[in-house]
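Side chains are part of it too, since the values below use all heavy atoms of this structure and drop only hydrogens, waters and symmetry mates.
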Amino acid sequence: ITVQRWVDTRDGGWNNIAASVVGTTVSDLDDEIAISGVTGADGFAFNSNGGAFISMWKVNASTQSYEAVGNVTDPMTNGVGYEIWLEDDNGSWTGKAWELSGTVNLNNQKTIVIESGRNLVGNPYPAFLNFGTITNNNFNITNNSYWTVGSTTNTFTERTSLQVIPPGQGFWVHTTDGTDISLNPQNGFFGSTSDQFYKKEYTPNDEFRILITNQNSDRPQASNVFLRKNSLAYAGHDAIDLPIIRRPDPNTCLVAFDNNGSKNMVNYVSTDANHLELPLSVESGMEADFEMTFAGLDQFSEYQCISLHN
């Protein structure tokens with residue numbers, strides 16, 4: 001079969017994708033997407049430091065590090081997620097679909113190998129996957145949620161067990177234990193005629209959000225952190241906090257809650273704390289002016305003020 005995946009018009013940026021068929025290679029994807037830095041692909045673009053820009057990566061969960069895709073003959077493994085840069089020659093991505101051809105995984109059960117920590121995996125089926133069936137069978141997924149890239153700010157956006165994963169979608173999960181994900185096609189799919197289930201932009205969720213945006217980049221380049229409340233949490237690093245997800249591009253910016261070396265994208269704090277002091281760290285691979293914006297201040301309205309110290 002041939003599976004199409006549509007991504008609408010947006011500025012050039014990172015995206016999470018996957019192969020929803022078995023037996024396809026990167027060369028099949030290269031027919032519709034410009035790929036840089038991969039042998040046999042379209043050629044080499046250059047990053048701002050003058051080096052070759054590699055536009056397609058996967059994640060080695062055992063080492064918690066990115067691995068560049070080496071050749072267009074490499075297989076796109078069913079169930080694996082990929083981080084890929086989407087951009088046409090004009091600096092933006094023009095809305096279109098790409099196609100991947102192969103066979104359907106007809107096994108009664110599909111097992112996706114998961115390591116402790118961050119994992120970039122993919123929907124292995126040409127159908128909308130019900131994430132709720134994953135969380136019901138795997139209690140080690142942190143906060144029962146997954147993360148994908150939002151197109152407007154090019155930052156990571158959380159999805160919950162109430163939402164679905166489209167065909168061809170890669171997604172991030174964080175686990176506290178290396179328990180594999182087992183999927184059963186008989187009860188793992190979801191059907192709906194409403195487009196509300198497939199929107200990926202940020203919506204406030206009982207949290208305080210800090211967003212930093214690079215003002216000198218001609219592509220969306222930003223990073224965000226989230227502060228949430230939980231009666232069992234404390235200001236330092238604990239089990240329900242979510243570590244940062246880094247990008248493969250060394251020029252990207254990154255903001256994090258820095259708790260004695262544990263850098264978190266999501267930090268939970270106690271509902272009883274009278275005073276909070278949370279160190280923030282900001283990294284960037286390029287010199288630039290940055291704008292910091294806030295959302296959800298009303299979620300912490302019991303505090304008199306919020307101050308930032310350099």
Below 30° counts as parallel, above 60° as perpendicular, anything between as tilted: where do the rings of Phe171 and Tyr146 land? perpendicular

Within 45° of the ring axis of Phe300 and under 6.0 Å from its six-membered ring centre, is that where the NZ or CZ of Lys229 lies? yes

Before you tell me yes or no, could you show the steps for Gln215 and Asp289 under side chain to side chain donor-acceptor pair (under 3.5 Å), namely the whole-Å CA-CA distance, both residues' side-chain angles and the distance that decides it to 0.1 Å? CA-CA 5 Å; Gln215 300 296 291; Asp289 296 319; over 6 Å; no

Here the gap from Leu29 atom CG to Thr24 atom OG1, rounded to the nearest 0.5 Å, amounts to 8.0 Å

Please lay out, stage by stage, how Lys58 and Glu83 fare under the test salt bridge (charged side-chain N to carboxylate O under 4.0 Å, His left out). CA-CA 6 Å; Lys58 57 184 178 179; Glu83 191 95 355; over 6 Å; no

Is it the case that more than 12 heavy atoms not belonging to Lys263 sit under 6.0 Å from its NZ atom? yes

Looking at Phe156, is Arg247 sitting on its ring face, NZ or CZ under 6.0 Å from the six-membered ring centre and within 45 degrees of the normal? yes

Looking just at side-chain N and O atoms, do Thr155 and Asn224 make a donor-acceptor pair shorter than 3.5 Å? yes

Report the relative orientation of the aromatic rings in Phe53 and Trp85; use parallel for angles under 30°, tilted for 30 to 60°, perpendicular for over 60°. perpendicular

Min side-chain heavy-atom separation Met292-Leu211 under 4.5 Å: no

With distance as the sole criterion, is a donor-acceptor pair present between the side chains of Ser145 and Glu158 under 3.5 Å? yes

For atom CD of Glu277, decide whether the heavy atoms of other residues, nucleotides or ligands shown that lie under 6.0 angstrom number more than 12. no

Electrostatic pair Arg5-Glu32, nearest N-O below 4.0 angstrom: no

For Lys96, which of Asp88, Thr9, Asp8 qualifies under side-chain hydrogen bond (donor to acceptor under 3.5 Å, both in side chains)? Asp88

Residue pair Asn130 / Phe128, side-chain heavy-atom distance below 4.5 Å: no

Which residue is it: Ile165, Ile114, Asn16? I am looking for the one with a side chain to side chain contact (heavy atoms under 4.5 Å, CB included) to Val121. Ile114

Minimal non-hydrogen separation, Glu115 against Thr175, with atom names: O-OG1, 2.8 Å

Would you name the heavy atoms of Val80 and Ala18 that are closest together and state the gap between them? O-CB, 3.6 Å

Is any side-chain heavy atom of Met265 less than 4.5 Å from a side-chain heavy atom of Pro243? no

Pair Arg10 + Glu87, salt bridge at N-O below 4.0 Å: no

